[in-house]
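Reviewing the structure listed below.
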Amino acid sequence: MAGCAARRALAVGSRWWSRSLTTARGARPLCAVSGAGALPPVATATTRRHLSSRNRAEGKVLETVGVFEVPKQNGKYETGQLFLHSVFGYRGVVLFPWQARLYDRDVASAAPEKAENPAGHGSKEVKGKTHTYYQVLIDARDCPHISQRSQTEAVTFLANHDDSRALYAIPGLDYVSHEDILPYTSTDQVPIQHELFERFLLYDQTKAPPFVARETLRAWQEKNHPWLELSDVHRETTENIRVTVIPFYMGMREAQNSHVYWWRYCIRLENLDSDVVQLRERHWRIFSLSGTLETVRGRGVVGREPVLSKEQPAFQYSSHVSLQASSGHMWGTFRFERPDGSHFDVRIPPFSLESNKDEKTPPSGLHW
């Protein structure tokens, strides 16, 4: 295909993505494989590989889906921006940005070690800095290829009725940090396959990007702000394994004459080294304002024991916690295993569980 003669590949699960290397400057086509037959195992979006005929399964051809743009070092991406996720490799579109406070313990000021305390505060004083994250839609065609590395139904909300334990999930909705966005453009008027794409976005060729927010998107954002809101991000690295935690307050429900407060938390594990490791155990400590301290141990996470390697360096999942108090803290460790059988513990950065005490109405789910 013209424009894709010389390439280095980006992968989406079992789907090849390519960036043209024919010119040092100018537009670069973004290509995807289509056709019948299974693809061979491929690398992740963070690695590069020359794509030749022997890499292609029989019947596979490359089809251009867009043109890469230069990533923004400053400023933010607008609603309707198409992108490729730099870590998980899926196609997506930006719905709207969030301004979060990033508490990065890797760059915290040096401080003497202190004993762990019941509130979950560690040994470093960490100051939050503002960082941009985006609410995005994931292309449904790419969900099967990333399901083993990132949950595609990670955004959950409480039911809007009397069943206090009912949780519902929105498929193909994610939060993406600014540096994980690889922007591209497309001439396709419906470039992302998602049931909410055309409900939320309208094609307007006079705009850049050419997809603008419909009133339904603005109304949905406003009504569901309480459980969508991303405010704090916590990050810490131990032995080249970086753990990022994003907590979300979901709401309060009454159960057996008491109040139960719910949170979800999204966790991303990243292997920053070339050595292969596997997550084996989790160890959580959960402190509630009511004065209770709970310890939770178990195998893996969400029923999995993911392997983190140079080819597949990241794993992302979501889980939930409930307290009979309006606030609390969580912290803990993940135990990883090396190929030689040795183990090491990776710290989970302490994070607060805070409720929105001024909440007047319960989350409205998918209501418009």
Side-chain angles (χ1 to χ4, degrees), residues 10 12 30 45-46 66 68-104 128-140 142-143 146 149-157 169-186 191-197 199-202 207-214 216-235 244-248 264-268 270 314 316-318:
L10 295 170
V12 185
L30 170 65
T46 56
F68 272 109
E69 299 177 312
V70 177
K72 290 185 177 182
Q73 300 300 317
N74 300 303
K76 67 178 185 292
Y77 296 104
E78 301 298 329
T79 295
Q81 175 65 60
L82 301 173
F83 70 92
L84 186 69
H85 195 294
S86 68
V87 176
F88 296 112
Y90 63 72
R91 286 166 289 181
V93 62
V94 170
L95 295 182
F96 47 83
W98 293 106
Q99 290 301 310
R101 292 183 298 271
L102 173 62
Y103 297 93
D104 192 341
K129 62 178 181 180
T130 301
H131 193 71
T132 302
Y133 275 72
Y134 299 95
Q135 195 88 60
V136 307
L137 292 180
I138 302 173
D139 194 309
D142 297 334
C143 288
I146 66 170
R149 290 288 148 188
S150 179
Q151 289 178 334
T152 57
E153 296 188 356
V155 179
T156 53
F157 59 94
I170 302 177
L173 193 66
D174 200 5
Y175 296 85
V176 181
S177 64
H178 183 83
E179 63 270 21
D180 285 341
I181 297 284
L182 295 176
Y184 74 92
T185 59
S186 173
I192 301 297
Q193 290 189 11
H194 191 288
E195 61 180 344
L196 297 177
F197 183 86
R199 182 173 290 185
F200 283 167
L201 299 168
L202 176 68
K207 304 292 184 180
F211 304 98
V212 296
R214 293 181 183 269
T216 50
L217 175 58
R218 297 188 182 94
W220 183 79
Q221 178 185 3
E222 181 180 352
K223 289 182 180 180
N224 298 290
H225 186 278
W227 58 269
L228 285 174
E229 182 180 11
L230 182 157
S231 58
D232 294 341
V233 179
H234 303 265
R235 190 161 66 193
T244 303
V245 183
I246 308 177
F248 299 85
R264 75 176 183 271
Y265 53 92
C266 296
I267 292 186
R268 187 160 108 180
E270 291 179 87
Q316 182 172 291
Y317 75 97
S318 291

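Atom set for the values below is all heavy atoms of this structure, side chains included, hydrogens, waters and symmetry mates excluded. Keep in mind the model is a prediction, meaning the values are calculated, not measured.
Residues P183 and P71 meet the side-chain proximity criterion, which asks for heavy atoms closer than 4.5 Å.
Checking Q135 against Q221 by side-chain atom types alone, no donor-acceptor pair falls below 3.5 Å. Of the N and O atoms on the side chains of W98 and E229, not one donor lies less than 3.5 Å from an acceptor on the other residue. Q99 and T132 are linked by a side-chain donor-acceptor pair at a separation below 3.5 angstrom, with hydrogens and angles left out of the test.
Here the rule is side chain to side chain donor-acceptor pair (under 3.5 Å) with Y90, and of D174, D139, T152, D142 only D174 fits it. T79 pairs with exactly one of L217, L95, V93 by the side-chain contact (heavy atoms from CB on, under 4.5 Å) rule, that one being L217.
To the nearest 0.5 Å, atoms NE2 (H131) and CG (L230) are separated by 10.0 Å.
For the pair R264 and F248, the cation-pi criterion (under 6.0 Å, within 45° of the ring axis) is fulfilled.
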Check the pair I170 / E153 against side-chain contact (heavy atoms from CB on, under 4.5 Å), numbers first and verdict last. CA-CA 6 Å; I170 302 177; E153 296 188 356; over 6 Å; no
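The aromatic ring centroids of Y77 and H178 lie less than 6.0 Å from each other. Ring centers of F83 and Y134: at least 6.0 Å apart, outside the cut-off.
The nearest pair of heavy atoms linking L82 to S186 is CD1-CB, 3.6 Å. Closest of all the heavy-atom pairs between D232 and P247 is O-CD, 3.4 Å.
Atom NZ of K72 has more than 12 neighbouring heavy atoms from other residues, nucleotides or ligands inside a 6.0 Å radius.
Between F96 and W220, the ring-plane angle classifies as tilted under the 30° and 60° cut-offs.
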